[in-house]
**Q** 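First the structure, which I've put down as structure tokens, then a few questions once you've had a look.
If you're wondering where the values come from, they're calculated on a predicted model, not measured in any experiment.
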Amino acid sequence: MSEELLEIEENEVAPTSLDGVVGEYPEIARKYKAGEELTDEELDTVADVALSVIRNILKHFDAEDSPIDEYEGDDGELILDVTAPNLAVLIGRHGRTLESLQTMFSLIVSRRLGFRYPVVVDIEGYKSRRNDKVTSMAHSAAARAVRQHGSVALPPMSAYERRLVHIALRDNAAVETHSEGVDPERRVVVTAL
């Protein structure tokens with residue numbers, strides 16, 4: 001499958017404009033990079049590009065017609081949640097396949113647009129459920145660290161999940177967090193103050 005997706009990427013080479021902006025939408029890229037607010041029409045273009053890319057990937061799983069819920073996340077990111085009964089293979093063990101899919105998807109969308117717009121791919125709401133679980137683990141670890149007047153090490157997590165822990169506890173004045181170890185065994189340690 002990966003060779004086929006690379007062929008898709010090679011066939012979708014984004015043009016370069018006269019001012020050096022790479023992508024099919026140089027005006028949108030220029031505005032976004034300048035920090036200007038995109039119009040609803042321009043945001044729709046970004047969403048259409050992202051949907052086109054994810055449907056192209058889903059073709060390889062005979063799922064290109066799967067329903068895709070499209071909504072805005074808490075941080076302004078575009079979230080595409082694919083709902084299909086037989087796509088657990090795209091989640092993989094502990095979400096590792098979904099992380100890889102996200103990386104590949106983001107690269108292709110960024111190349112087509114000419115800029116990196118935050119678009120998240122989710123399968124059957126897995127990321128949303130996992131985010132809730134990681135946040136809950138963070139709060140539990142903080143409570144345990146405070147109760148024990150010590151440190152609590154969470155299990156190894158991806159960089160994205162470690163970031164969720166740090167964000168979940170950044171306003172908690174009773175604890176501090178730091179990451180330690182080397183990937184893939186890198187983990188967050190929550191320490192009572």
**Q** Could you check whether any side-chain N or O of Arg129 sits under 3.5 Å from a backbone N or O of Glu124, counting only pairs where one atom can act as donor and the other as acceptor?
**A** yes
**Q** Return yes if some donor-acceptor pair links the side-chain N/O of Ser66 with the main-chain N/O of Ala63 below 3.5 Å, else return no.
**A** yes
**Q** Would you call Arg112 and Val109 a side-chain contact if the rule is heavy atoms closer than 4.5 Å?
**A** no
**Q** Between Leu78 and Glu70, does a side chain to side chain contact (heavy atoms under 4.5 Å, CB included) hold up when you go through it step by step?
**A** CA-CA 7 Å; Leu78 172 63; Glu70 175 187 335; 3.6 Å; yes
**Q** According to side-chain hydrogen bond (donor to acceptor under 3.5 Å, both in side chains), who are the partners of Asn131, at least two apart in sequence or on a separate chain?
**A** Tyr160
**Q** Going through the distances and angles, do Gln102 and Ser106 end up as a side chain to side chain donor-acceptor pair (under 3.5 Å)?
**A** CA-CA 6 Å; Gln102 176 69 53; Ser106 294; 2.9 Å; yes
**Q** Could you check whether Arg55 pairs with Glu64 (Lys NZ or Arg NE/NH1/NH2 to Asp/Glu carboxylate O, under 4.0 Å)?
**A** no
**Q** I'd like to know if Arg30 and Glu36 make a salt bridge, using a cut-off of under 4.0 Å between side-chain N and carboxylate O.
**A** yes
**Q** Under the rule for side-chain hydrogen bond (donor to acceptor under 3.5 Å, both in side chains), what residues qualify as partners of Thr39, not counting sequence neighbours?
**A** Glu42
**Q** Do any pairs count as a side-chain hydrogen bond (donor to acceptor under 3.5 Å, both in side chains) and have a residue in residues 173-183, sequence neighbours left out, and if so which ones?
**A** Arg162-Asp183, His166-Thr177, His166-Ser179, His178-Glu180
**Q** For Glu41 and Thr45, which I'm curious about, is there any donor-acceptor pair between the side chains at under 3.5 Å?
**A** no
**Q** Between Lys127 (side chain) and Val120 (backbone), is there a donor-acceptor pair under 3.5 Å?
**A** no
